[in-house]
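Both ligands and their constituent atoms are indexed starting at 1 by order of listing.
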Amino acid sequence: MAEERTFVAIKPDGVERGLIGEIIGRFEKRGLKLVGLKLMTVTTSKAEEHYGEHKGKPFFDGLIKFITSGPIVAMCWEGKNAIVLARSVIGATNPKDATPGTIRGDLAVDLGRNVVHGSDSAASAEREIGIFFSKQELLEDWQRTIHKWIVE
Ligand code: DAT
Ligand code: MG
């Protein structure tokens with residue numbers, strides 16, 4: 001597979017606020033390809049595994065409580081430089097620093113309610129996709145007819 005894959009999730013605040021369509025649309029419009037999608041509630045153990053790098057930090061317990069508090073939308077997006085592109089669509093971690101035009105810069109106010117998650121590196125992407133999706137849940141052979149209009 002020549003192109004990258006990244007894990008993106010709409011957090012419980014984004015789902016509760018009715019922002020699923022708005023958020024998915026931004027990744028679609030950027031040109032990324034959706035290869036995995038599911039609405040799910042995250043178990044505490046999955047949440048702790050996903051956010052393992054933050055274990056021991058003062059905000060960890062609150063973060064786990066928040067991410068398990070309601071349904072999320074788990075997604076896998078594919079494309080050239082998908083990991084960096086998705087992070088740029090999402091914007092800075094703290095919405096107060098996020099540029100207008102990004103999801104967090106347009107739709108969020110507070111660090112603890114920043115509506116969306118995106119993998120921060122190739123290693124994180126592989127790990128996080130593995131936590132949330134089985135192999136059979138990800139498309140392997142879907143070629144979009146518009147591909148040549150997005151990637152040279
Ligand atoms: P990102 O979600 O941009 O990858 P991160 O991995 O550093 O950011 O942190 C994961 C989430 O934890 C983040 O989206 C919001 C929350 N968080 C991070 N730093 C925090 C802090 N200092 N206080 C409260 N929540 C924080
Ligand atoms: Mg992170």
Distance in Å, D120 CG paired with T6 OG1, rounded so as to fall on 0.5 Å steps: 8.5 Å

Enclosure of K57 NZ (heavy-atom neighbours >12, cutoff 6.0 Å): yes

Per-ligand residue contacts, ligand 1, heavy-atom threshold under 4.0 Å: K11, Y51, H54, F59, L63, R87, T93, R104, L111, N114

S121-S124 side chain donor-acceptor pair, cut-off 3.5 Å: yes

Which atom of D110 lies closest to which atom of P95, heavy atoms considered: O-CG, 3.4 Å

E126, CD: over 12 other non-hydrogen atoms inside 6.0 angstrom: no

Whether over 12 other heavy atoms sit under 6.0 Å from E137 CD: yes

